[in-house]
Protein chains: 2
Amino acid sequence: MLLPPDVEIMTIGDELLYGQVVDTNSAWMGQELGRIGLRVRQITSVSDRADEIVTALDLARTRARVVLITGGLGPTKDDLTKHVLARYFHTELALHEPSLRDVEQIFARFNRPMLEVNRQQAFLPKSCTPLRNPVGTAPGMWFDEGGTVFVSMPGVPFEMKRIMQDSVLPRLQEYFQVPPIEHAVLQTVGQGESFLAAHIAEWENQLPANMKLAYLPYLGGVRLRLTASDDGQPDLRQRLEAQLPPLRALLGPYLYAEGEVSLAAAVGRMLQERGLTIGTAESCTGGYIAHKLTSEAGSSAYFLGSVIAYHNDVKMRQLGVQAETLAQFGTVSEETVRQMAEGARRQLGVDVAVATSGIAGPGGGSEEKPVGTFWLAYADAHQTVARKISFDRGRQLNIEYVTTQALNLVRLSLPVVPQSQRTEV
Amino acid sequence: MLLPPDVEIMTIGDELLYGQVVDTNSAWMGQELGRIGLRVRQITSVSDRADEIVTALDLARTRARVVLITGGLGPTKDDLTKHVLARYFHTELALHEPSLRDVEQIFARFNRPMLEVNRQQAFLPKSCTPLRNPVGTAPGMWFDEGGTVFVSMPGVPFEMKRIMQDSVLPRLQEYFQVPPIEHAVLQTVGQGESFLAAHIAEWENQLPANMKLAYLPYLGGVRLRLTASDDGQPDLRQRLEAQLPPLRALLGPYLYAEGEVSLAAAVGRMLQERGLTIGTAESCTGGYIAHKLTSEAGSSAYFLGSVIAYHNDVKMRQLGVQAETLAQFGTVSEETVRQMAEGARRQLGVDVAVATSGIAGPGGGSEEKPVGTFWLAYADAHQTVARKISFDRGRQLNIEYVTTQALNLVRLSLPVVPQSQRTEV
């Protein structure tokens, strides 16, 4: 069995080290490489200094047989990757006619004058195989150096992605006949990493040596990723799948979806499956639940609207919360959120409503109701359910956490779809 | 003058290499380190394998005198940074009582049973100085190894940030007696990096050698950070400040605040200064403007509420938009957003309202009104102002961009405060 080659991703640019730009390229590349069964062994971000790039290249080739380089191919003078590579591989730059024609065409298309710096972009190291860049002026470069592959691409995300998809990924698959790898992602909500780890320890311990579970926590839940690496045996995907039923059973109500699905999208699917519409009545969450729901494309099919009721006048006027309720039980109370949820159903004309009221902080707390006290309510045609939460990690995280809990309350409270009406999603 | 030490950021976790998580920690750390005058020389992301972590540590100490490690400190068994570090530094784990009490308190506060795996998190390498983590169960660890500092922190962003701010940054400043560095941050909105750079080029070119301007773009604007490094001369702060008046004049209406102030907070300040309340009427932004406004502590002083009106019924019922207007001009039109903003003032009882309607995509576009068509309106007691925007970079970015534009519309449309009533903020 041939071992698949390790990959190193090298991103070049001071802007990454200064933190002016978040490197999203590497994650995208990692996913795409994983899909074809190549493992990223390391991601290295270095500055625009030639000596530091050379040192990084020297080290990368000791670790990996594929080095994918992004950045430093622009026309400005601080972009020097190409010159460094030409020197590093003991070659020189020469005009590459097809690349020049591509650059010329791009300028013609946008009706802009081509500058000398842009013409320079068609000068490439003689020893490389140029990789076409149909969406930008800097071509990619493929170097085969004694069985180690170096590829240089622009740092602009959509240019890099295009060159990866058109040229780099297919070439890598062909060059190294790579063995398969399989993943399954299970999305959970409502429990932390430690609880889940203890809860599924027995299942995890029985996993075969080529399978590994990763815990990817977020505020309010954990994504679980099971990975199966090639062990020379057939049916890797089936063997991975075979591990899942007992895990699903153990996760029970915490499992909200499989694959890359957000909680808001999962709730949206459930609403569509049931033919129900939703609205929100938010005090402490200030519109964040509505934002999460409407972040999903196509949400207008089930999300109709919300009332964000920060002030009590808005709670009374727009949601029909009674003045006596507010006076007797207070804004942050079970009674108030119940009336908010029920009022939202009526006023917004929705089937399902979720309401929040609480003290997100840092001010506004009291002895009886400290910062971090939250009430949630869910209402549909058949029931109203309320839940109290105590959570305080600062205003931003409180809002985020309570929003996740509110969406989860909807998920757990929606009516069950009769078996006969169920469709597979 | 002592040279400040180089820093290497090392992020640990298969999830980064597989691309399941985008590394936002490194950019944040790079910015914070830059603020205290430390340069990040390299960012290295490695897997959860012990041997690869050790190799990376060996190399990092050849490049940098500060190695900041994140990730791999959770309670589950794939998190092994702590064990690797204990072995690497020839020490062993021992129970650290104060950390145990912190962990216990966190579980007590949330009324959850503490598990053995959580107790294990209070076992720390004997040779380290534990760094308190007030927001999570894994403490940070500070190792001083012959003048090279290694710090290990959890990968969860809010835990890492808290430990950096509370402990790591102040300790680094003290340990390396980093020479003074001064910053001024000017927040702008409404123009991109290229425009601003051209607009202020002359001013930038006359800066003394020890001062440097950084452009930190975000969607809809640019943060400008002017940094003055130590040049052995006195009054560094005063000399920095002396550069600002001409820059402020050049930036004019694009400058919305100085220092670390969000646009929503700046709008909040302006409302308070004028004794005005605000509400929103949102269609395409789906509550994101309300979320931005209510993310600011103390916003209940001026934010009263919102109507999120996705469905036209909600626009009519809750905001009083007329059926004929919707029929004649459509949901995405100047007429509709004007009525939404004016309706929100009436219905929510607010002084100022901002409204949005548009096509965030990916669906819903037409020949006449393609995806990326947005209308905004601002209304107060004296005027209603509307503005059209064309912008399409995908649903998420569209929502974010339009929200920034809406807040900026409020900022630019609010009545001027009479000179006599002005207070310095």
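No hydrogens, no waters, no symmetry mates; every other heavy atom, side chains included, goes into these values.
Interface remark: A:S295 contributes backbone and side-chain atoms alike to the contact with chain B (heavy atom separation under 4.5 Å). A:L397 touches chain B through its side chain: at least one heavy atom from C-beta onward sits under 4.5 Å away, while N, CA, C and O do not. Residue A:L59 touches chain B through its side chain alone, counting heavy-atom pairs closer than 4.5 Å. A:V21 touches chain B through its backbone: at least one of N, CA, C or O sits under 4.5 Å from a heavy atom, while the side chain does not. The parts of B:E15 that come within reach of chain A are both its backbone and its side chain, each placing non-hydrogen atoms under 4.5 angstrom from that chain. For A:V40, the parts lying near chain B are the backbone and the side chain together; criterion is any non-hydrogen pair under 4.5 Å. For A:L216, the part sitting under 4.5 Å from any heavy atom of chain B is the side chain, from C-beta outward, and nothing else. Within the 4.5 angstrom heavy-atom criterion, no atom of A:Y218 approaches chain B. Neither the backbone nor the side chain of A:N312 comes within contact range of chain B; no heavy atoms are under 4.5 Å apart. Neither the backbone nor the side chain of B:R162 comes within contact range of chain A; no heavy atom of the residue lies under 4.5 Å from a heavy atom of that chain. At a 4.5 Å heavy-atom cutoff, the contact between A:Q347 and chain B is made by backbone and side-chain atoms alike. Both the backbone and the side chain of A:L304 come within contact range of chain B, each with at least one heavy atom under 4.5 Å from a heavy atom of that chain. If you measure heavy-atom distances from B:A309 to chain A, the contacts under 4.5 Å come from the backbone alone. If you measure heavy-atom distances from A:T227 to chain B, the contacts under 4.5 Å come from the side chain alone. Residue B:F158 touches chain A through its side chain alone, counting heavy-atom pairs closer than 4.5 Å. When heavy atoms are compared at a cutoff of 4.5 Å, A:D23 approaches chain B solely by way of its backbone atoms N, CA, C and O. Neither the backbone nor the side chain of A:I389 comes within less than 4.5 Å of any heavy atom of chain B.
Defined by atom type and a distance below 3.5 Å, a donor-acceptor pair is missing between the side-chain atoms of B:S45 and A:Q42. Using a 3.5 Å distance cut-off with no hydrogens or angles, the side chains of A:S262 and A:E296 do pair a donor with an acceptor. Using a 3.5 Å distance cut-off with no hydrogens or angles, the side chains of A:S194 and B:N118 do pair a donor with an acceptor. A side-chain donor from one of B:E116 and B:Q120 sits under 3.5 Å from a side-chain acceptor of the other. For A:Y215 and A:E204, the side-chain atoms include at least one donor-acceptor pair closer than 3.5 Å. With 3.5 Å as the limit, one finds no donor-acceptor pair spanning the side chains of A:T331 and A:S357. Side-chain contact annotation: B:T285 with B:T356, donor-acceptor N/O pair under 3.5 Å present.
The environment of CZ in B:R346 is crowded: more than 12 heavy-atom neighbours from other residues, nucleotides or ligands sit within 6.0 Å.
Here A:R225 is the residue among A:R225, A:Q31, A:R63, A:H183 with the most heavy-atom pairs under 4.5 Å with chain B. For the set B:L348, B:T24, B:V46, the count of heavy-atom pairs under 4.5 angstrom toward chain A peaks at B:L348. Ranked by non-hydrogen atom pairs under 4.5 Å with chain A, the options B:G349, B:S47, B:G30 are led by B:G30. When A:F195, A:F391, A:Y288 are compared by the number of non-hydrogen pairs under 4.5 Å with chain B, A:Y288 comes out ahead. Top candidate by heavy-atom pairs under 4.5 Å with chain A, chosen from B:V7, B:L115, B:I9, is B:L115. Looking only at heavy-atom pairs under 4.5 Å with chain B, the residue among A:A198, A:G298, A:G286, A:G363 that has the most is A:G286.
Shown here for A:T280 and A:S306, the closest heavy-atom pair between the two residues is OG1-OG, 2.5 Å.
Atom CG in B:L17 sits 5.0 Å away from atom CD1 in A:I43 (nearest 0.5 Å).
Evaluation of the salt bridge (charged side-chain N to carboxylate O under 4.0 Å, His left out) rule for A:E52 yields A:R49, B:R39, B:R41 as partners, not counting sequence neighbours. Take A:R395 and apply the salt bridge (charged side-chain N to carboxylate O under 4.0 Å, His left out) test, not counting sequence neighbours, and it matches no residue.
Panel note: side chain B:E282, backbone B:G287; a donor-acceptor pair is recorded below 3.5 Å.
Side-chain rings of B:H311 and A:F303 stay apart, their centers remaining 6.0 Å or farther from each other.
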